[in-house]
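Quick note on labels: first sequence line is chain A, next is B, and so on, each numbered from 1.
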There are 4 protein chains.
Amino acid sequence: MAIADRKRRERQARMQLILNAGARVFARYGYHRASMDLIAEEAELGKATLYYYYKNKDDLLLGILTEGIKDFFHHLELSLQTNKDPIEQLKLTIRESMLFFERHPDYFKLYMYLNVHPAFRKKIYRLMHPLLTQKIGMIKQIFQEGQAQGRIKDIPTEHLQAIFGSLVMGMGIFSTGKMTHEQLEERARYLEQVFFTGIVKE
Amino acid sequence: MAIADRKRRERQARMQLILNAGARVFARYGYHRASMDLIAEEAELGKATLYYYYKNKDDLLLGILTEGIKDFFHHLELSLQTNKDPIEQLKLTIRESMLFFERHPDYFKLYMYLNVHPAFRKKIYRLMHPLLTQKIGMIKQIFQEGQAQGRIKDIPTEHLQAIFGSLVMGMGIFSTGKMTHEQLEERARYLEQVFFTGIVKE
Amino acid sequence: MAIADRKRRERQARMQLILNAGARVFARYGYHRASMDLIAEEAELGKATLYYYYKNKDDLLLGILTEGIKDFFHHLELSLQTNKDPIEQLKLTIRESMLFFERHPDYFKLYMYLNVHPAFRKKIYRLMHPLLTQKIGMIKQIFQEGQAQGRIKDIPTEHLQAIFGSLVMGMGIFSTGKMTHEQLEERARYLEQVFFTGIVKE
Amino acid sequence: MAIADRKRRERQARMQLILNAGARVFARYGYHRASMDLIAEEAELGKATLYYYYKNKDDLLLGILTEGIKDFFHHLELSLQTNKDPIEQLKLTIRESMLFFERHPDYFKLYMYLNVHPAFRKKIYRLMHPLLTQKIGMIKQIFQEGQAQGRIKDIPTEHLQAIFGSLVMGMGIFSTGKMTHEQLEERARYLEQVFFTGIVKE
DNA sequence: GATGAATGAGCTTTCATTCAT
DNA sequence: CATGAATGAAAGCTCATTCAT
């Protein structure tokens, strides 16, 4: 079955090629101005070829988004395995989030763009929430573990999560890709400091 | 000059009417699916009339956004005059932000939609940054005052502001308009607690 | 309200103009090869203008078909008022049908084309059957009247109608628009003869 | 030459397989929505394989139509050999036609679809008329024989044929495949009665 | 022989914008 | 002032056909 294998690999490679081209074009022009023509040109493929691999424009975009989310959680999970202390794990989560925004400033934009777009909200939630909720549960457990150890204040976890999420996602809004890695690291440190001990002296 | 005055007032009223109709339609359909036809219909005006008051679709949209920002800062300034303590003023800012999201869940969506949209970013910054920087400077002063009083940690203000901004804007991402006013208040209290004293015990 | 009246008349005229252009193009190229571009060109209008008056291609086609049916029954009803004898009325129906095929060889083609096209069948039936059944009932009454007078054989009316309909519609299949009016008249006479007294001697 | 024979038989079988799949898909979706992809899938063959056996889509369709016509005349000829009386032969023709519509409701649809389709008309006539005229001549002879025997009225045969054809084809228009065999038989009997002796009493 | 992959050409539809009245 | 009517330009998508393997 060597042939079938090669075929499958080639198919995967093509899809990845299209995904990357798509990501670039979507990021550059935004969803609506990113025409399939432009993506095809960027991928150096015929337009119809895109449709051979992806059912339609939305499908392609969802492929890109899913890919990004998977990438993020993949890195995060690897990272979380290096340290089991809940406080440290939250720091790692912040760090990984910001690194992700650095690596893929575009993915966040697209996610927001669509999350905000009424017509897509439903579709996105349907397709990505299964993925998200599973992973988010992971973070919930970290908070619970921290509270169980008596090291994190007894704030209801749904609020904790929403606040943590806002903070992390909120950073994405301002991530223009114009910061150096050092500036990012510095901001991440301050962010940790604020989140863990607040801004008020004493 | 009574006639000219009335004319101006009527013109203002018409523009406001269009602005409101536009806001509703943009929020309901997103920028691209919100056609000028739909907005005209919602405003109960002829389509060409929109063009009489606004140069083009983008111009109308920017009108809506500017209007929202103004509304926000108007409320915020009123609020900040009631208490001169910097910590309290930050709390008021958080409170007002969340109230704004409650009042206008749509404005935030639109802002994100466009902030994320490469083609608009420049235009938005050009038109709204004068407005924004002035007002944001106000918040910077609050942080500086707090640090001068020795009550806020000596975190560089640009980071403080970015973190504060992220937190506040981040809440907007999750403001679906589905929360009750009480839930919102509760979340705001926890948010203050976290921002001022952190999540870590002791 | 003279202005509103004129507007309405102009609108009607435009729609008629498009309808006629559409009918010509549909007839010349068939439904699928008749592109909206071609129709627009034939109507000497911008393509988007067609969409200003008709929701979509199907809508335009249905307009054409409905128009044809109405035209047919309009002539038929006028004709039937000239003679109340059932046998004569059937003859008039045959005559009018064939004249209709002569006047509009295209309408029949289109009707068949779509009637035969699975995707349209439902839509056509939904939109045109109300119109058709009402009119067909008229013909049923003629048969019943003829039977009541003891001049038409007691064949169940549903079969009578189906046979009569087949015969009439069947003529449409062969109406290529290549016959002269005289040939048509001649064929109509023979058709009546066959339908009323059969082909068998004695 | 056994090998060549087997090859030819296998080729025939493959072509038949494709023809059947095509007929099903064409009938289900109509000509234009019946894509080669769908037909290939229905035939459980690769799409390119279809092109190995048929030059193009039209060629395949003509294959299907020709096949149907052949099938019809094959049955008809067998039937006509059982009785040499012209009147009876006409009855047999009606009977066989209706049975054909019952067996292959799809073939008629396709035939009409294309007969009506200007682009195909020429091609169809060129390819199928040789077949048709030969067979239609057969029916002409029956009428002439009937007239020679003094049993059929002296209506010019071209009109007789057109009327007979209209009647028979017209039944096809209404053959939705929803009638039971019994209802069909009943209608056939009434049809004969009308065609031979008319609907008028006395 | 058989086929998956690729694509050019073409289609319907949408919509911001203009303009004559 | 107000607007209905008109449209150019562009987008998403489909599909018959070809070709390298």
| message | Please evaluate residues Arg9(C) and Arg6(C) with respect to the criterion side-chain contact (heavy atoms from CB on, under 4.5 Å), reporting the C-alpha separation (whole Å), side-chain torsions for both, the decisive distance (0.1 Å), and the verdict. | response | CA-CA 5 Å; Arg9(C) 275 204 319 278; Arg6(C) 183 175 51 83; 4.0 Å; yes
Roughly how far, to the nearest 0.5 Å, is the [atom2] atom of [Y] from the [atom1] atom of [X]?
X        : Y        : atom1 : atom2 : result
Leu61(D) : Asn56(D) : CG    : CG    : 10.0 Å
Leu62(C) : Ile69(C) : CG    : CD1   : 11.0 Å
Ser35(D) : Lys47(D) : OG    : NZ    : 7.5 Å

| Quick one: salt bridge (Lys or Arg N to Asp or Glu O under 4.0 Å) partners of Asp59(A), sequence neighbours excluded? |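 Salt bridge (Lys or Arg N to Asp or Glu O under 4.0 Å) check on Asp59(A) returns nothing, list empty.
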| message | Does any part of the side chain of Tyr29(A), heavy atoms only, come nearer than 4.5 Å to the side chain of Ile39(A), both counted from C-beta? | response | no
| said: What residues from residues 59-67 of chain B pass a heavy-atom cutoff of under 4.0 Å to DNA chain F? | reply: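 By residue number: none to list.
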| Where along residues 12-25 of chain A does a heavy atom come under 4.0 Å from DNA chain F, residue by residue in number order? |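 Those residues whose heavy atoms fall under 4.0 Å from DNA chain F, taken from residues 12-25 of chain A, amount to none.
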| task | Dump the intermediate steps for side-chain contact (heavy atoms from CB on, under 4.5 Å) on Arg11(B) and Met15(B), then the final yes or no. | result | CA-CA 6 Å; Arg11(B) 186 176 173 82; Met15(B) 291 186 83; 4.3 Å; yes
Rounded to the nearest Å, what distance is computed from the [atom1] atom of residue [X] to the [atom2] atom of nucleotide [N]?
X        : N       : atom1 : atom2 : result
Tyr54(A) : dG12(F) : OH    : C1'   : 18 Å
Leu50(B) : dT18(E) : CG    : P     : 13 Å
Glu10(C) : dT3(F)  : CD    : P     : 19 Å
Glu41(D) : dG4(E)  : CD    : P     : 11 Å

| query | Is it true that atom CD of Glu44(B) has more than 12 heavy atoms of other residues, nucleotides or ligands lying nearer than 6.0 Å? | reply |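 Not more than 12 within 6.0 Å, no.
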| If you draw a 6.0 Å radius around CD in Glu10(A), do more than 12 non-hydrogen atoms from other residues or ligands fall strictly inside? | yes
| task | Answer with base, sugar-phosphate or nothing: what part of the nucleic acid does Tyr53(B) contact at a heavy-atom distance below 4.0 Å? | result |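 Sugar-phosphate, backbone atoms only, no base.
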| query | How would DNA chain F look in dot-bracket form, 5' to 3', counting Watson-Crick and G-U wobble pairs with both distances under 3.5 Å and writing | for bases paired to another strand? | reply | .||||||||||||||||||||
| request: With side-chain contact (heavy atoms from CB on, under 4.5 Å) as the test, would you mind laying out the steps for Tyr51(B) and Met36(B) before giving the verdict? | output: CA-CA 9 Å; Tyr51(B) 284 88; Met36(B) 293 301 267; 3.7 Å; yes
| message | Less than 6.0 angstrom from the centroid, inside 45 degrees of the normal: does Lys57(C) satisfy that with respect to the ring of Phe26(C)? | response | no
| remark: Nucleotide by nucleotide, nucleotides 9-16 of chain E touches protein heavy atoms under 4.0 Å in the pattern (B base, S sugar-phosphate only, - none) -BSBBBBS
Throw together a table of side-chain donor-acceptor distances under 3.5 angstrom for residues 16-25 of chain A, partners on residues two or more places apart or in other chains.
residue: Gln16(A); atom: NE2; partner: Asn20(A); partner atom: OD1; Å: 3.3
residue: Gln16(A); atom: NE2; partner: Glu67(A); partner atom: OE2; Å: 3.2
residue: Asn20(A); atom: ND2; partner: Gln16(A); partner atom: O; Å: 3.4
residue: Arg24(A); atom: NE; partner: Glu42(A); partner atom: OE2; Å: 2.6
residue: Arg24(A); atom: NH2; partner: Glu42(A); partner atom: OE2; Å: 3.2

| Could you go step by step and tell me if Arg14(C) and Leu45(C) meet the side-chain contact (heavy atoms from CB on, under 4.5 Å) rule? | CA-CA 10 Å; Arg14(C) 264 283 191 270; Leu45(C) 288 172; 3.9 Å; yes
| task | May I ask you to evaluate whether Tyr52(C) reaches the phosphate of dA5(F), defined as a side-chain N or O under 4.0 Å from OP1 or OP2? | result |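 For dA5(F), OP1/OP2 do have a side-chain N/O of Tyr52(C) under 4.0 Å.
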